[in-house]
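Data block below; observations after.
What you see is a predicted model, and the numbers here were worked out from it, not measured in a lab. The chain is numbered in sequence order, starting from 1.
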Amino acid sequence: MPLVTIDVITDVFTPQQKADMIAKVTAAMIEVEGERMRGVTTVRINEFKSGDWAIGGQALKTADVKALAEGKAA
């Protein structure tokens, strides 16, 4: 059974954006797997607290990700 997990930091994405992620990732998987697999294709979003995720030893916070999304340096 296909399972896709998307990891994000809490409060970066709105509920609508997360719903869009689920819908679009599901659609991409179905495009590869075929429609018959829709009923067993799972997409889930895991949210991590701000600061509980690090890249290169540097904690990544909600504000950092929002700044990146806006094209600003984190």
In Å and rounded to the nearest 0.5 Å, what is the CD1 to CZ distance from I30 to R38? 5.0 Å

Could you pull out all residues at least two apart from R44 that satisfy salt bridge (Lys or Arg N to Asp or Glu O under 4.0 Å)? none

Under the side-chain hydrogen bond (donor to acceptor under 3.5 Å, both in side chains) rule, collect the residues that match up with Q58, sequence neighbours excluded. none

Do L60 and D64 touch side chain to side chain, with heavy atoms closer than 4.5 Å? yes

Hydrophobic clusters here meaning ILVMFWY residues chained together by side-chain heavy-atom distances under 4.5 Å, can you tell me if I55 and F13 are in one? yes

Could you state the interatomic distance from CD1 (I9) to NZ (K66), rounded to the nearest 0.5 Å? 11.0 Å

All heavy atoms of Q17 vs all of T14, minimum pair found to be OE1-N, 2.8 Å

Among all residues two or more places apart in sequence or in another chain, which pass the salt bridge (Lys or Arg N to Asp or Glu O under 4.0 Å) test with E33? none

Spacing of CD1 belonging to I45 relative to CD1 belonging to I6, to within rounding of 0.5 Å: 5.0 Å

When you look at NZ of K18, are more than 12 heavy atoms from neighbouring residues, nucleotides or ligands closer to it than 6.0 Å? yes

First locate atom CZ of R36, then atom OG1 of T41, and finally report the distance between them rounded to the nearest 0.5 Å. 14.0 Å

Using side-chain hydrogen bond (donor to acceptor under 3.5 Å, both in side chains) as the criterion, list what pairs up with K49, not counting sequence neighbours. none

Tell me whether V32 shares a hydrophobic cluster with M37, the cluster being built from Ile, Leu, Val, Met, Phe, Trp, Tyr side chains joined at under 4.5 Å. no

In short, side-chain hydrogen bond (donor to acceptor under 3.5 Å, both in side chains) pairs touching residues 22-31 with sequence neighbours left out are none

Can you pull out every ring pair (Phe, Tyr, Trp, His ring centres under 6.0 Å) where at least one residue sits in residues 52-72? Sequence neighbours excluded, please. F48-W53

Atom pair OG1 (T10) and CG (N46), whose distance is rounded to the nearest 0.5 Å: 10.0 Å

Within the distance-only criterion (no hydrogens, no angle test), does the side chain of S50 pair as donor or acceptor with the backbone N or O of T62 below 3.5 angstrom? yes

To the nearest 0.5 Å, atom OG1 of T42 lies from atom CE of M29 at 10.0 Å

Looking only at heavy atoms, the pair that brings A59 and G51 closest together is CB-O, 3.9 Å

